[in-house]
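We use all heavy atoms of the structure for the numbers below, so side chains are in, but hydrogens, waters and symmetry mates are not. This structure is a prediction, so every number in the text was calculated from the model and none was measured.
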Amino acid sequence: ALKASTLLFPVTAALILPEYSLYIFPIHLTMYLIFIGRFITMYHDINHFPIFKNNRLNTIFLDLIGIIYGSTPRTYFSHHIVMHHPENNKHDDYSTTLPYQRDSFRSFIKYYLKFFNGVFGLRIYLRNYKNKKIRNHGNQAVIGEISYFFLIIVGLFTIPFTTLYVLILPFIITRTLLIIGNWGEHAFIDPADYRNLYKSSTNILGKYNQISFNVGYHIGHHLNPSLHYSELPADFNNNININGQEDAMVLIDLHYPHIW
């Protein structure tokens, strides 16, 4: 988290010294590209397991570090924690991969556009809940998305080049990577048994887990979202026979973008 937070320095410099944007831009882009993969998996885990005991402080931290990496405020938590995990990629999951043909680029583009603009669909989904707190997550996601675009509009009129590489490019790249990641995590599904969590996600073992907070143990993560990432390898080893019996998809030394 501390290493990923260092991107705040070139962002701050770019905002304070926009006249030096041409020099700051390559530094910012290099740091962003170095950290973005780890940031996404770290951001995922921080949303599951808050760093701070104070909820407001944790929310502020998530919003701040999210913004500098192109993640609009409140949208990730509302989408991933409040909607995606309860639905587990089934039909009511707004980001479900079920209806799409995995080897079709046209299908991926349809999925991409739906996911990319999915915050409003997320709000429609969450407003059906009787629990007011859950419904409010949908409103917060929409407000966070609109606020981010408001910053972009203001920036384009004041410091356009800085806005392009500090807000616009990270937003497009980060959301694209999130879409590719979810597509890969739920790429191989048994249509006859899609409710079976062993057959609706993919496990990836090997080297990439060492730099991505064990994100490859995705089946175990969906089975038990409250399990800390450090416990996922042991959980998989303890349940390896069940994975075999359920015919789970397990790959080695790949990453989800490779599946995509």
- CG on Asn47 to CG on Leu62, rounded to 0.5 Å: 5.0 Å
- Task: May I ask you to check whether Phe116 and Phe171 place their ring centers less than 6.0 Å from one another?
- Result: yes
- Task: Take atom CZ of Phe49 as the centre, draw a 6.0 Å sphere, and report whether it contains more than 12 heavy atoms from other residues, nucleotides or ligands.
- Result: yes
- Message: Please find the pair of heavy atoms, one from Ile219 and one from Ala248, that lie closest to each other, and give the distance.
- Response: CD1-CB, 3.7 Å
- Query: Do Tyr198 and Asp193 have side chains that get closer than 4.5 Å, going by heavy atoms?
  - Reply: no
- Under a 4.5 Å cut-off applied to non-hydrogen side-chain atoms, are His91 and Leu98 in contact? yes
- Item | Approximate separation, where rounding is to 0.5 Å, of Tyr148 OH and Ile152 CD1 | 5.5 Å
- Query: Nearest 0.5 Å, what's the OG-NE2 distance between Ser200 and His218?
  - Reply: 8.5 Å
- Message: Give me each pair satisfying side-chain hydrogen bond (donor to acceptor under 3.5 Å, both in side chains) with a member in residues 229-242, each pair once, sequence neighbours excluded.
- Response: His228-Ser230, Asp235-Asn239
- Item | Ring centres under 6.0 angstrom apart (Tyr94, Tyr125) | no
- Query: How far does CG of Asp63 sit from OH of Tyr76, to the nearest 0.5 angstrom?
  - Reply: 14.5 Å
- Would you kindly say whether Thr162 and Ser21 are connected by a side-chain donor-acceptor distance under 3.5 Å? yes
- Query: For Ile46, which of Ile51, Ile65, Thr41 qualifies under side-chain contact (heavy atoms from CB on, under 4.5 Å)?
  - Reply: Ile51
- To the nearest 0.5 Å, atom CZ of Phe161 lies from atom CZ of Phe25 at 5.0 Å
- Looking only at non-hydrogen atoms, find the nearest pair between Ile40 and Thr174 and report the distance. CD1-O, 4.3 Å
- Message: Before we go on, tell me: are the rings of Phe39 and Tyr43 under 6.0 Å apart, centre to centre?
- Response: yes
- Message: Are more than 12 heavy atoms, taken from residues, nucleotides or ligands other than Lys90, located less than 6.0 Å from that residue's NZ atom?
- Response: yes
- Item | Check: Phe213 ring centre within less than 6.0 Å of His221 ring centre | no
- How about Ile211: does its CD1 atom have over 12 heavy atoms from other parts shown lying under 6.0 Å from it? yes
- Item | Plane angle bin for His79 and His84 - parallel if under 30°, tilted between 30 and 60°, otherwise perpendicular | parallel
- Item | CG on Leu113 to NZ on Lys110, rounded to 0.5 Å | 10.5 Å
